Asks: 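Can you keep this structure in mind? I'll have questions shortly.
Letters A, B, ... are given to chains in the order of the sequence lines, protein chains preceding strands, and every chain is numbered from 1. In this text the structure is predicted, and so the values were computed from the model without any measurement.
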Number of protein chains: 4
Amino acid sequence: MKKNKPKYKQIIDAAVEVIAENGYHSSQVSKIAKKAGVADGTIYLYFKNKEDILVSLFQEKMGQFIEKIEEEIQTKSNAKEKLLSMVEMHYSQLAKNHQLAIVTQLELRQSNKELRLKINDVLKRYLEVIDHIVQEGMDEKHFDPSLDMRLVRQMVFGTLDETVTNWVMNEQKYDLMQQANGVHQLLINGLSQSRE
Amino acid sequence: MKKNKPKYKQIIDAAVEVIAENGYHSSQVSKIAKKAGVADGTIYLYFKNKEDILVSLFQEKMGQFIEKIEEEIQTKSNAKEKLLSMVEMHYSQLAKNHQLAIVTQLELRQSNKELRLKINDVLKRYLEVIDHIVQEGMDEKHFDPSLDMRLVRQMVFGTLDETVTNWVMNEQKYDLMQQANGVHQLLINGLSQSRE
Amino acid sequence: MKKNKPKYKQIIDAAVEVIAENGYHSSQVSKIAKKAGVADGTIYLYFKNKEDILVSLFQEKMGQFIEKIEEEIQTKSNAKEKLLSMVEMHYSQLAKNHQLAIVTQLELRQSNKELRLKINDVLKRYLEVIDHIVQEGMDEKHFDPSLDMRLVRQMVFGTLDETVTNWVMNEQKYDLMQQANGVHQLLINGLSQSRE
Amino acid sequence: MKKNKPKYKQIIDAAVEVIAENGYHSSQVSKIAKKAGVADGTIYLYFKNKEDILVSLFQEKMGQFIEKIEEEIQTKSNAKEKLLSMVEMHYSQLAKNHQLAIVTQLELRQSNKELRLKINDVLKRYLEVIDHIVQEGMDEKHFDPSLDMRLVRQMVFGTLDETVTNWVMNEQKYDLMQQANGVHQLLINGLSQSRE
DNA sequence: TATGAATGAGAATTCATTCAT
DNA sequence: AATGAATGAATTCTCATTCAT
């Protein structure tokens, strides 16, 4: 299995670094190879083509990203706590890894439609996590049972994505983690005057 | 002023058509020129370079987009109605113009960081519209006065943007307008069990 | 019509020179462009791709080659004279243009199967010239009427082609034209002891 | 002597198969190694480089080819019969081995000038066979003693080669062997009205 | 002998932009 | 103002060959 060989991960990590530093369009395969410490041709022993590096990068990193969120959520006992945990994990993981944040929020979006479809496939798993939390909340009667799942999913993901993108575009000048509680409250209560 | 000459608008409209039909990366200047019925070189009498066509396109179209939202909102008397009106206008204008929706939601995001910074400048005006509505709602005590304006702005915009992008990526198979009320409710009440 | 523009012919002539001098595999498009005195990109205004240069080269040069043979043959009154004329013209034209001889006999044969099929199309016209002469000879009862046209055509063309290729491979050390009569006699009488 | 080791022949036979199936340009060393059941590196224990495989292939196969022709010819008592025998053997051997025919007539001609010079060296032995037959025919006074040996050699070889190439290019749709007599007659009598 | 992972040189083509007319 | 022919920089991927094991 190529994915377990050390060079596979080396190349993906080099790709993250190179893309974060140089931007998507200035990230030539030869630059990635150099940073990974392998020959250009070696890249093609592990990846079908350049796009395959990017898709694999996203799968690998986003897979771990979602896995960690799933693990953390399991330790929580109700939907509200799970949602908070998800927001916190989403933010903390990207806050911890600035380069990855740049790559996923900005650079990889410059890819073509085909690549973005593959990226969306990876995201489906994340959307399912959201769905489960919301469903649980509705079952608990803490969330409105009449909610349209698709809209909720898009609000939650859209909000998280937009807040992270803003943070990255502002060059991470403020503390992303500090927003977690506020965003959680917003998602739970919306704009309305809170009842408490 | 070049912006009032007929060819200026011709070229921008051609760009929207060409990009919607062919995708960002297959939209060569020569294709836009052909569709606009002018020579390649003529483009450069009206635009500094290719990127300038795209920025101008966004300014022109998004400017009108925001203007119409502003006009419509003025006729509403409170923040909740204004927010609903904004959601409806946002959706209706893009639903009415599929090509523009494809260009703004998918194709223009493939542009490089520099171009996206300029695009963000255009969006600032829209974000200010959101801010005004939210501020008004807080003043009316209908919206929670302790809300963090930046987070709200990002939740609102992120939700609208994500819902439209999903609709476009699903090839506009469902009716975007029908979502307006649900999204409005979600933004107002969040996930919590509604009080009514 | 692009074929009548001066750059079209410039590029083809440059291609003949470059291929004859450097060999097929060392004849990069950029080398041809440089020799033709145009930019690399200009090549692609006149030719679809590199292979199209080679096919066009063959069509252009071989077309003229065959045309001249046809013209010369018309002035002869019987098949034997026409055959001699054909042999002489075949040899004289290639003897006069060493570079073209190298390209057609050696370098262009290194091309892939697809290109060779296109080259064969061009040659069909030449084979028809042979067929006409042989048919005329059979009608005159000077040539054996029971001959298999396909075999004759292949013998004649194979002989001419092989003799020219040998001459080119021997770096044109001997006089190709001096062979014309001998080859003509061979084709007419074969190996048999002549009757005269 | 490496040539007698089993892997030497394995590799050559694999090369014939691979080139016949995939064409010259798609016949990578790794493909040949795989078909031969050896590692890529093993090839280089038996052959200096890729070109050496091709030259050796030609030497090996053409050597056997010529040997069989020589054996068969020995059983004939005069030049005419020997010539017929040569034509028949030439055709029958290639008709029996389609893959080899494809490789020698089409694929190996795509090689570069250098390789073809080496190939020509191998063919010299065949040309000598032709020369001997012709000389014998002239001594017997059945062939015209004033013939130019070089021209005859090129006519005979050019005719055989052209007829086989045509047969291969036409995907061996007709029976090559059936042409043997006709070609033999053509070579003996040329185009002239036969005396019988 | 045999292996096969790693190497790295090498080239066609596109397309934004210019500028002589 | 308008044209459009000409420019030329820039990059992925293949595959023959090597060499540590």
Asks: Has D:E107 got a side-chain atom pairing as donor or acceptor with D:Y24's backbone, closer than 3.5 angstrom?
Replies: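 Yes, D:E107 side chain to D:Y24 backbone: donor-acceptor pair under 3.5 Å.
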
Asks: May I have the distance from C:I11 (atom CD1) to F:dT7 (atom P), rounded to whole angstrom?
Replies: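 Interatomic distance, CD1 of C:I11 to P of F:dT7: 9 Å.
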
Asks: If you compare all heavy atoms of B:K50 against all heavy atoms of B:Q28, which two are closest, and at what distance to 0.1 Å?
Replies: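 That would be NZ-CA, 4.5 Å.
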
Asks: What is the separation between atom CD1 on B:I53 and atom C1' on E:dC15, rounded to the nearest whole Å?
Replies: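 Spelled out: CD1 on B:I53 to C1' on E:dC15 is 13 Å.
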
Asks: State, yes or no, whether a side-chain contact exists between D:R116 and C:Q110 at a heavy-atom distance under 4.5 Å.
Replies: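 D:R116 reaches C:Q110 side chain to side chain.
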
Asks: Round to the nearest Å and state the distance from B:I43 atom CD1 to F:dA1 atom P.
Replies: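 Answer to the nearest Å: 15 Å.
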
Asks: Using atom CG of D:N112 as one end and atom P of F:dA16 as the other, report the distance to the nearest whole Å.
Replies: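 Rounding to the nearest Å, CG of D:N112 and P of F:dA16 are 13 Å apart.
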
Asks: To the nearest angstrom, how far is A:Y24 atom OH from F:dT11 atom P?
Replies: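 From A:Y24 OH to F:dT11 P: 13 Å.
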
Asks: Go nucleotide by nucleotide along DNA chain F from the 5' end; which of A:E51 and D:Y44 gets its closest nucleotide reached first?
Replies: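 Nearer the 5' end of the strand: A:E51.
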
Asks: Could you state the atom-to-atom distance from CD1 of C:I32 to P of E:dA11 in whole Å?
Replies: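 Whole-Å distance recorded here is 12 Å.
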
Asks: For D:N22 and F:dT14, give me the distance from atom CG to atom P, rounded to whole Å.
Replies: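 Atom-to-atom, D:N22 to F:dT14, this comes out as 16 Å.
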
Asks: Within the sub-3.5 Å range, which N or O atoms of nucleotides 4-6 of chain F have a protein N or O partner, and how far apart are they?
Replies:
from  : atom 1 : to    : atom 2 : distance (Å)
F:dG4 : N7     : B:G41 : N      : 3.2
F:dA6 : OP1    : C:K7  : NZ     : 3.0
F:dA6 : OP2    : C:Y46 : OH     : 2.7

Asks: Salt bridge or not between A:D40 and A:K31? Use side-chain N to carboxylate O under 4.0 Å.
Replies: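 Between A:K31 and A:D40 there is no salt bridge, as every charged N stays at least 4.0 Å from the carboxylate O atoms.
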
Asks: For DNA chain E, what string of dots and brackets results from 5' to 3' when Watson-Crick and G-U pairs need both distances under 3.5 Å, crossing pairs get [ ], and pairs with another strand get |?
Replies: .||||||||||||||||||||

Asks: Is a salt bridge present between A:K118 and A:D52, judged by a nitrogen-to-oxygen distance below 4.0 Å?
Replies: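 No, A:K118 and A:D52 are not salt-bridged.
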
Asks: Apply the salt bridge (charged side-chain N to carboxylate O under 4.0 Å, His left out) test between C:D13 and each candidate in C:K7, C:K35, C:K61; give the one that qualifies.
Replies: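 Filter result, single survivor: C:K61.
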
Asks: Just say parallel, tilted or perpendicular for the rings of B:Y8 and B:F47, cut-offs at 30° and 60°.
Replies: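 B:Y8 and B:F47: parallel rings.
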
Asks: Nearest 0.5 Å please: distance from the CD1 atom of A:I102 over to the CG atom of A:L108.
Replies: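 Between atom CD1 of A:I102 and atom CG of A:L108 there are 12.5 Å.
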
Asks: Verify whether one side chain among D:D121 and D:Q59 offers a donor that lies under 3.5 Å from an acceptor in the other.
Replies: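 No, no side-chain donor-acceptor pair sits under 3.5 Å.
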
Asks: How many Å lie between CZ on B:F47 and C1' on F:dA2, as a whole number?
Replies: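 Between C1' of F:dA2 and CZ of B:F47: 15 Å.
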
Asks: Closest-nucleotide mapping onto DNA chain E: is A:G37 or C:S26 further toward the 5' terminus? I mean the 5' end.
Replies: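 Looking at the nearest nucleotide for each, A:G37 comes out on the 5' side.
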
